[in-house]
Amino acid sequence: MARILITSAIPYINGIKHLGNLVGSQLPADLYARYARARGHEVMFICATDEHGTPAELAAAKAGKPVADYCAEMHGVQKELAAGFRLSFDHFGRSSSARNNALTQHFAKALGENGLIGEVAERQVFSVADNRFLPDRYIEGTCPNCGYDKARGDQCENCTKQLDPTDLIDPRSAISGSTDLEVRETRHLYLRQRSLKGEIAAWIDGKTDWPILTTSIAKKWLNDGEGLQDRGITRDLAWGVPVQFPGAPWQGMEGKVFYVWFDAPIEYISATAEWADATGQGDSAWQRWWRTDMGAADVRYVQFMGKDNVPFHTLSFPATIIGSREPWKLVDYIKSFNYLNYDGGQFSTSQGRGVFMDQALSILPADYWRWWLLSHAPENSDAEFTWENFQASVNKDLADVLGNFVSRVTKFCRAKFAETVPGGGAFDDRALALIAELETRTRAYEGHMEAIDIRKAAGELRGIWTLGNEYLQSAAPWSVHKTDPEAAAAMVRLGLNLIRLYAVLSAPFIPDAAARMLAAMHCEDGAWPGPVAEALTALPPGHPFTTPDVLFAKIADEEREDWAKRFSGVRA
RNA sequence: GGGCCUGUAGCUCAAUGGUCAGAGCAGGGCGCUCAUAACGCCUUGGUUGGGGGUUCGAGUCCCUCCGGGCCUACCA
C-alpha cells in the first residue's frame, strides 16, 4: 500500500488534441493510475488545461471571444473529451485558476527573495498594428540564407537555419501581416537556473532508473554548449498570471505576465488544491501530497509527458521547486514518450491532419482507441498509426481473442446448462496447468505495469487472453459434454471465472469492456487477483450471469477505407 | 552545424556480450465446430541497413558510411 501522485502533462487550451497528444501523456498516465488504484494504492491523478500564452489569445481572437471565455469553453470541451476516453483524473484543473495565480506568484516571490531571479533588459519586436510584442516565431519574412519568403523569426522551415527576427528581410507580423514593426526595449525576469545547475545535475544523476529518453534530453540541456542557461519567465502579454503583485520583490513589471512554462507545471500543485477546494476539504488534504513536511515524504510522484515536455520537467520546474527552498515534492519518475505519427507523416493540429479526440470518439468507443494506442505506445521510438494496422490489431485482439472468448463460453453454457455457473466435476490436469500458466503470466503482467512498460504489459495481457482460447480448444467441453456433463461443467465453470479474471486484469486498458464483462457475470467483486487459483473460484456454482451482446464489433474494410479518406486531409 | 534516438521476417515489435535471433499479425497446411467465418496446432519467412574493428563469442561494444526521426532554449 503506497501513495502515488500521478500527473499528466497538461494539454494546451488551444483546440482539441489529437491521438498523438493523447497517447503521449494522458492515456498512459490513466493506465498507470487505474492500475495503481486496482492494486489498492492511494492515488492522486491530476491533469488540467494549460491556458495562458500567445496562442490562446490568438485563438480567442479568431473565435471572436474574450480570452477568458474562450478558455472556459475549451476547458469544458477538453474535460468532456477526457471523460469520453475514460481518463480517470481526480481533478482536471485550469492553469488560469485563482489557486494557480496565487501559487505561481508565491513561487516567484520565494525565488526572488532567494536571489534566483534577475532582471534583463532586452529588445523585442513590437507590432504596432497588433499592439503587441511578437514572439520570434510570429514574425515572418524572407530568409536571408535561402530566400524562402515564409521564414519564421526563430528558424527558416525551408533551409532549417536558425534565425534572429532581425535577420529577416521584409519582416511582417504573422498575425496580421502588418509590416509596421519596431524594435522596442522591454525588461523581463529571468530564472537564474545557472546557479542551480549543480543541484539539478546531482539530482538527475541520481535517477538511474529513468527512461533513457528522459535523462538524455535532460543531460543534453544541462551540459550542451555553455550548459544550463537562465531562462526568461515573463512575457509582455495581458493573459496570464500578473508579474507585479503586492509583496513582489520587484517593481515596474505592470502589464506583464509569467511565461506559460513557468506557471503550467505549478498547476500540478494548484490543481490538487483546486481538488481539495472542490471536494470541500482543507489545505492539508492537498498538502499531504505535495509538502514533504506535511505528509508527502512517502509519496511516489510519477509524471507522464511527450518528449517535447522533458526539458521543462527535468530542469525548469525542478529549478522552481529547488530554488524556492521550501519542502515541495520533487518528481520521482518521469515516463516520457516519443511521437505517434499518422500514416506516413506527422499528426498536425494546424493542418488538421490525423484523428482528433472528438472524431475518434464519434466513430468508435474509447476502448478501441485505448487498446490500440496503449499497445502501440511510442516508448522506444516514434510509432505510426495506420488504419490497416489499427483495424487488424483491434479486430484480432479485442474481437477475436477476447470478445469471442467471452461469447463462446457464455453461449455454450447457456445452451448446454443454463445462465448460471454450473456445478459438479473438478478441475483436471489441463485446468491446473492453465492455472499455473496464468499465475506466471499474471505476475509478469504486474511487473510490467509496475515498471510502466506499457507495450510489454499489453503483450502479456493479450497472452493471458489467448490462454483461455487454448484451454477451451484442448479441453473441448462441447465434446466432453456428450459423455461426461460433469466434467464439461467444470470446464465451463473455469471459463466463466476466466471472464471475470480477464475483466479485472484488463480494466486499466479497456475499462468500459471490463465493466460490461463484470456486469454480465453479475459480479461486483473487481478485486485484483491474489493467487490465480483462488481468483478463479470467485463465481461459485449456481451464480447467475447474463450472456452479453457482442463485446467488440469488428471494423469492416469499408469503414476503414471511409475513415482513411475522411481523416487524410484537412479537418472539416 | 551540434547532440540524442532509431534501422532486426511482408507489417508491428522482442532479445543482462553467451544454446539454432524470437513473438504477434499477414501468408501456407491441418484440425475443431462452443463461438463475432471466430478458436487451436503445425509451418514458410532473416547475410539483424552497408563496410571495417574489439572479443573465445557481437543484433548487442568501437569506428565509418547510408537511411528515418527528434531536440537545439521566445509556440506550447
Side-chain angles (χ1 to χ4, degrees), chain A residues 9-14 21 50-56 58 122 124-125 133-139 152-155 160-162 164-165 174 188 193 212-213 215-217 219-221 223-225 228-232 235-236 259-261 264 306-312 315-316 338-339 341 346 349-350 375-376 378-384 386 388-389 392-393 395-416 455-456 458-459 462-463 466 468-479 481 488 491-492 495 549-554:
Chain A
I10 65 178
Y12 197 66
I13 194 68
N14 150 22
N21 298 131
D50 178 13
E51 305 194 358
H52 295 138
T54 307
L58 297 180
E122 42 190 44
Q124 293 218 320
V125 175
F133 282 95
L134 297 177
D136 290 356
R137 73 165 45 201
Y138 283 99
I139 303 157
R152 294 187 322 207
D154 56 342
Q155 184 176 41
T160 73
K161 187 179 172 59
Q162 306 265 326
D164 188 273
H188 282 294
Q193 299 185 134
I212 189 168
L213 182 65
T215 48
S216 67
I217 292 173
K219 287 181 178 175
K220 151 84 168 156
W221 281 56
N223 303 319
D224 200 43
L228 185 62
Q229 296 300 297
D230 293 347
R231 189 170 186 107
R235 294 291 183 274
D236 289 293
Y259 177 42
V260 281
W261 266 118
K307 58 185 167 186
D308 52 332
N309 276 262
V310 169
F312 303 99
L315 308 170
S316 313
N338 287 285
Y339 290 144
N341 291 316
Q346 295 197 343
T349 302
S350 56
S375 63
H376 293 78
E379 291 177 298
N380 296 320
S381 59
D382 290 353
E384 173 151 319
T386 65
E388 289 77 10
N389 188 303
S393 295
N395 284 355
K396 194 69 192 172
D397 299 348
L398 297 182
D400 295 346
V401 176
L402 177 62
N404 184 51
F405 175 77
V406 172
S407 195
R408 65 195 298 204
V409 171
T410 53
K411 287 184 178 171
F412 179 75
C413 185
R414 182 175 62 181
K416 301 297 182 190
R455 281 182 185 236
K456 285 183 181 166
R462 187 192 187 283
T466 302
N469 284 312
E470 289 174 6
Y471 170 74
L472 278 191
Q473 192 62 36
S474 65
W478 48 89
S479 299
H481 181 264
M491 295 168 183
V492 171
D549 292 334
V550 166
L551 216 49
F552 295 99
K554 290 204 195 190

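Letters go in sequence order (proteins before strands), and every chain restarts at 1.
For A:Leu472, taking side-chain heavy atoms from C-beta onward, the closest of the listed nucleotides B:C34, B:G69, B:C74 is B:C34. When each of B:A73, B:G40, B:U36 is scored by its nearest atom to the side-chain atoms of A:Asn469, the top-ranked nucleotide is B:G40. Distances were taken from every side-chain heavy atom of A:Asp400 (C-beta onward) to each of B:C74, B:C39, B:C71; the shortest belongs to B:C39. In the set B:G3, B:C34, B:A76, B:C34 carries the atom at the smallest distance from any side-chain atom of A:Gln473. The side chain of A:Ser216 sits closest to B:C4 out of B:C75, B:C4, B:U36. The nucleotide whose nearest atom lies closest to any side-chain atom of A:Glu470 is, among B:C41, B:C4, B:U36, B:C41. Ranking B:A76, B:C74, B:G69 by closeness to the A:Pro55 side chain, first place goes to B:A76.
Taking 4.5 Å as the limit, some side-chain heavy atom of A:Asp236 sits within range of a side-chain heavy atom of A:His188. Within the 4.5 Å cutoff, the side chain of A:Leu402 has heavy atoms near those of the A:Phe552 side chain. Under the 4.5 Å side-chain criterion, counting only non-hydrogen atoms from C-beta, A:Met491 is in contact with A:Tyr471.
Remark: A:Lys456 pairs with no residue by the side chain to side chain donor-acceptor pair (under 3.5 Å) rule, at least two apart or across chains. Contacts of A:Phe312 classified as ring-ring contact (aromatic ring centres under 6.0 Å, His included), with partners at least two apart in sequence or in another chain: A:Trp261.
The base of B:A38 is not paired with the side chain of A:Asn404 by any donor and acceptor separated by under 3.5 Å.
As rounded to the nearest Å, B:A73 and B:C4 have C1' atoms that lie 16 Å from one another. Annotation: B:U16 and B:G59 have their C1' atoms spaced 14 Å apart (nearest Å). With both ends at atom C1', the span from B:C11 to B:C20 equals 25 Å, rounded to whole Å. Here the separation of B:C63 from B:U54, taken at their C1' atoms, is 11 Å to the nearest Å. Taking the C1' atoms as reference points, B:A21 lies 14 Å from B:G45, given to the whole Å. If you take atom C1' in B:U48 and the same atom in B:G17, they sit 15 Å apart, rounded to whole Å. Rounded to a whole angstrom, the distance from the C1' atom of B:A14 to that of B:C25 is 15 Å. For B:G27 and B:A9, the C1' atoms lie 12 Å apart once the distance is rounded to whole Å.
To the nearest angstrom, P of B:U72 lies 9 Å from CZ of A:Arg137. Distance CG (A:Asp308) to P (B:G69): 17 Å, rounded to an integer number of Å. In this structure, the CG atom of A:Leu213 is 12 Å from the C1' atom of B:G69, given to the nearest Å. Between the CE atom of A:Met491 and the P atom of B:A35 there is a distance of 17 Å, given to the nearest Å. When rounded to the nearest whole Å, the span between CD1 of A:Ile10 and C1' of B:C75 equals 15 Å. Straight-line distance from the NZ atom of A:Lys307 to the C1' atom of B:G3: 13 Å, rounded to whole Å. Look at NZ on A:Lys219: it is 12 Å from P on B:C4, rounded to the nearest Å. Taking atom CG on A:Asn14 and atom P on B:C75, their separation rounds to 14 Å, with Å as the unit.
Of all non-hydrogen atoms in A:Ala553 and A:Val550, the two that sit nearest each other are N-CG1, 3.8 Å.
Note that CG of A:Leu472 is 5.5 Å distant from CH2 of A:Trp478, once rounded to the nearest 0.5 Å. Atom OG in A:Ser316 sits 7.0 Å away from atom CH2 in A:Trp221 (nearest 0.5 Å). In this structure, the separation between CZ on A:Arg152 and CZ on A:Arg137 is 4.0 Å, given to the nearest 0.5 Å. For the atom pair A:Asn338 CG and A:Asn380 CG, the distance stands at 8.0 Å (nearest 0.5 Å). The distance from the CZ atom of A:Arg462 to the CG atom of A:Asp397 is 4.5 Å, given to the nearest 0.5 Å. Of the inter-residue distances, the one linking A:Gln124 atom CD with A:Asp136 atom CG reads 7.0 Å to the nearest 0.5 angstrom.
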Could you encode protein contacts along nucleotides 10-16 of chain B as a string, one character per nucleotide from 5' to 3', using B for base contact, S for sugar-phosphate-only contact and - for no contact, with a heavy-atom cut-off of under 4.0 Å? --SSSS-
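Remark: ring of A:Trp478 overlaps the six-membered base ring of B:C34 in a stacked fashion, centroids less than 5.5 Å apart, planes less than 30° apart.
For B:G40, neither phosphate oxygen OP1 nor OP2 lies less than 4.0 angstrom from any side-chain nitrogen or oxygen of A:Tyr471. Residue A:Tyr339 has a polar side-chain atom (N or O) positioned under 4.0 Å from OP1 or OP2 of B:C71. A close approach under 4.0 Å does not occur between any side-chain nitrogen or oxygen of A:Arg408 and OP1 or OP2 of B:C34.
Nucleic acid contact class of A:Lys554 (heavy atoms, under 4.0 Å, all strands): base. Here A:Glu388 lies out of heavy-atom contact (under 4.0 Å) with every strand. At a threshold of 4.0 angstrom between heavy atoms, the contacts of A:Glu122 include nucleobase atoms, whether or not backbone atoms are also involved. Among the protein residues, A:Leu551 comes within range of the nucleic acid bases, having at least one heavy atom under 4.0 Å from a base atom. At the heavy-atom level, A:Thr386 lies nowhere under 4.0 Å from the strands shown.
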Read 5' to 3' with Watson-Crick or G-U pairs under 3.5 Å, [ ] for crossing pairs and | for partners on another strand, RNA chain B gives (((((((..((((....[...)))).(((((.......))))).....(((((..]....))))))))))))....
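The residue among A:Asn338 and A:Val550 whose nearest nucleotide of RNA chain B lies closer to the 5′ end is A:Asn338.
For A:Gln193 (side chain) and A:Gln229 (main-chain N/O), a donor-acceptor pair under 3.5 Å exists by modelled atom type. Between the side chain of A:Glu379 and the main chain of A:Arg455, a donor-acceptor pair closer than 3.5 Å is present.
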Side-chain donor-acceptor pairs of residues 404-414 of chain A under 3.5 Å, sequence neighbours excluded:
residue: A:Arg408; atom: NH1; partner: A:Asn469; partner atom: OD1; Å: 2.8
residue: A:Thr410; atom: OG1; partner: A:Val406; partner atom: O; Å: 2.7
residue: A:Thr410; atom: OG1; partner: A:Ser407; partner atom: O; Å: 3.2

Each nucleotide N or O in nucleotides 23-29 of chain B that has a protein N or O under 3.5 Å away: list the pair and distance.
residue: B:G24; atom: O3'; partner: A:Arg462; partner atom: NH2; Å: 3.4

